[in-house]
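Below you'll find the structure, written out as structure tokens, and then a few comments.
In the text below, chain A, chain B and the rest are named by the order of the sequence lines, each starting its count at 1.
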Amino acid sequence: MNQAAVVCKDLEKSFRLSKKQQKIEKTPDRVKRAVRGLSFEAYPGEIFGLLGSNGAGKTTTLRMIATLIKPDGGSVEILGKDAVAFPDFARSNLGFLTSELKLEDYFTPNYLYRYFSELHGLDENADRKRMLFEKFGIDKFAEVRVADLSTGMKQKLSLVISLVHDPAVIVFDEPTNGLDVITAKAVTDYLGELKNEGKAIIISTHIFSLAEKLCDRIGIIVDGRMAALSDKQTLVGDRSLEDVFFDIYSMAAPAET
Amino acid sequence: MKKIAAIIKKDLKRYFNDPRILVSLFLPGIIIFVIYSIIGGIIGDMTDLSDEEYTVYTLNLPEPLASLFTPEGMNVHLVDAAERGLGDEAVLEEIHEGKVSVYVKFDENFKENLNLWLLGQLAQNSPTDGAQTPTDPSQTPADNTPQDPADEPSGQPTPAPAVPQVKIYYDSSDVGSLALYNVYASALDALEDGLSNLFDVNGGNETFDLAEVETAADIMSAFMPMIMIVFLWSGAMMISAESIAGEKERGTMATLLATPIQRSHIALAKAVSLSVPALISSMCSFAGLMLSLPGLMPGVTLAHYGFGEYAALFLLNAVTTVMFTVILTVVSTLSRSVKEASGYSSALMVGIMVVGMANSIAPETASPAAFLIPVFGAGRCYSQIMSLSFNPLSFAITIAASLFYIAVGVFALSRLFSNERVMFGK
């Protein structure tokens, strides 16, 4: 296998909980350990899936990889460089998509593509823009303000914008969340294409079918810990991913859950 | 720099293509101009007495003084109450009814009493008056005005004979009546001063009309600092207060933070892009205020101030606006929602107003260190410039201090943009 494009080693992340959050989480603890010693790698030309329930720590892990938040312990390396020490390098080589990242309603796809190209220090690549816009059907809405686009079209535009700089590492948090089946298929198909182009892709999901279909390797996170990590064939064997997940989950989950 | 420029360009495109934002930028200045002009017009109309006819009753009016009661530009009809056979009560009733504006009642034998009084004054101020000439302490009090029984042997000045009286009855709820009273009272006061003064100040025909400019400038300097500070804060608040909090709430800030641009550059870009509309808004408000002043305050013209004053005001406006913008952007960044940001900004506005008001109660001669205090220094500088007493040292300290606070604010912003609890905390 090639050299890993992303290396996460002993990642730790805790959050202080507000009184309100304590109430929601039904815990007396003021601090929540969202990620506990997580380690994994993602290689060029593969799709690595982080599978876990809501609140397992998937999104927190992806945010640390994307340098939006810093790990309390451990390290993230992107293409051999520490992401905390060289955040701009990491961001330049990484495309991050999550439902939390939104585009400004006021602007059009054309303008936003140009704007984010500039933020990545690039001149607008017209051929790449045309290819991406056509692939996701944005071309017909290139001059329509984001506010007037459908939810699915906004999601597809966000995906395109996250890839304006043609990054080597792609990190997508729940990439098909909220998409209709047609759009979801377009996204998963494109992820397959990116994989074939040699990109290192990390996705988080709690949709077993998606992970089963797309991922080459899978890490199952339970309560911030890596409960299982293997290539899909070894992990699943002749069983379904869903069955395997629940077996692992029931063994690894804390007693109170 | 290209990335900073890209953010600024994008933000400005949004601000200047959004009709709501555009209206909010220019509207305050227009509203200020229109409202203040209307108020000025109303005040002007209320005090414009030229079109009305006023009846003034007089009693015992000395003939030489008649011209005092028919001032130029006012249509006043003088009526001798005695000739009409009207008593005081009847005249006062007519004032109540609005038929008569003013009743001016001189003492009977006013002229004779006045002459007596003047003679008394002359005697009091005579060079042989012991009380007034310390070079001759041997003089006894009796030498002064021996006829006055009220004279004390203690060497006190001799009281003058009974002062002649003029009584002016008027109705202050009637604009015309009140205006005529003011005119008559001023004229009689001036006349009295002329009769009793012992020497002339600014006598002759030479122009000593410096006071008029100073008075107008003083009026402006008294209320301008407070108004300007509130305008600048409001102008900055319109966009800055909700800026970063809004971007955080909408999720667009996270998208920006995921791109390879340094946090300090984002802070700088945001400070610049938010300052531009705030500056335009503040300049519009300032222009609206200045343009409405001639209508609002008779005697005030824009020509009261020279290029130096306007340049200083422009610079002070600009620096103070940017400082306010940065403060509000920091507040917005610290806030978790637009609602929270608006609440904090409004609360801060009260504080800003208090500091602004401190200008009017603080000693005139504030130490140079006082100009380091944000807002206070700016307010005091406004006051100095508007009262035509520009102090270069105070101004330089205020500008330098404001620039320092802006730099600190931008630095704080860049730190806040790096703080994940601030940027992503719920």
Atom [atom1] of [X] and atom [atom2] of [Y]: how far apart are they, to the nearest 0.5 Å?
| X | Y | atom1 | atom2 | answer |
| --- | --- | --- | --- | --- |
| B:L257 | A:F96 | CG | CZ | 11.5 Å |
| A:D88 | B:T259 | CG | OG1 | 8.5 Å |
| B:F424 | A:I69 | CZ | CD1 | 8.0 Å |

Take A:K13 and B:E420 through the salt bridge (charged side-chain N to carboxylate O under 4.0 Å, His left out) test and state the conclusion after the steps.
CA-CA 12 Å; A:K13 188 67 187 177; B:E420 62 193 57; 2.2 Å; yes
Counting only heavy atoms closer than 4.5 Å, note whether [X] contacts chain B via side chain, backbone, both or neither.
| X | result |
| --- | --- |
| A:T67 | backbone |
| A:F116 | side chain |
| A:R114 | neither |
| A:K20 | neither |

Name the region of [X], side chain, backbone, both or neither, that has any atom closer than 4.5 Å to a heavy atom of chain A.
| X | value |
| --- | --- |
| B:I4 | neither |
| B:R14 | both |
| B:N17 | both |

- Could you have a look at B:E247, B:M253, B:K13, B:Q262 and say which one has the most heavy-atom pairs with chain A under 4.5 angstrom?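 Top option by heavy-atom pairs under 4.5 Å: B:K13.
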Are more than 12 heavy atoms from other residues, nucleotides or ligands located less than 6.0 Å from atom [atom1] of [X]?
| X | atom1 | value |
| --- | --- | --- |
| A:Y106 | OH | yes |
| B:R263 | CZ | yes |
| B:F16 | CZ | yes |
| A:K9 | NZ | no |

Can any side-chain N or O of B:T255 pair as donor or acceptor with the backbone N or O of A:K102 at less than 3.5 Å?
->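 Yes.
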Restricting to non-hydrogen atoms, name the atom on [X] and the atom on [Y] that form the minimum distance, rounded to 0.1 Å.
| X | Y | value |
| --- | --- | --- |
| B:T252 | A:L103 | CG2-C, 3.7 Å |
| A:Y115 | B:L256 | OH-CD1, 3.6 Å |
| A:R91 | B:I261 | NH1-O, 3.9 Å |

Salt bridge between A:E118 and B:K10, side-chain N to carboxylate O under 4.0 Å? no
Pair B:I7-A:L119, side chain to side chain contact (heavy atoms under 4.5 Å, CB included): steps then yes or no: CA-CA 8 Å; B:I7 296 175; A:L119 291 186; 3.7 Å; yes
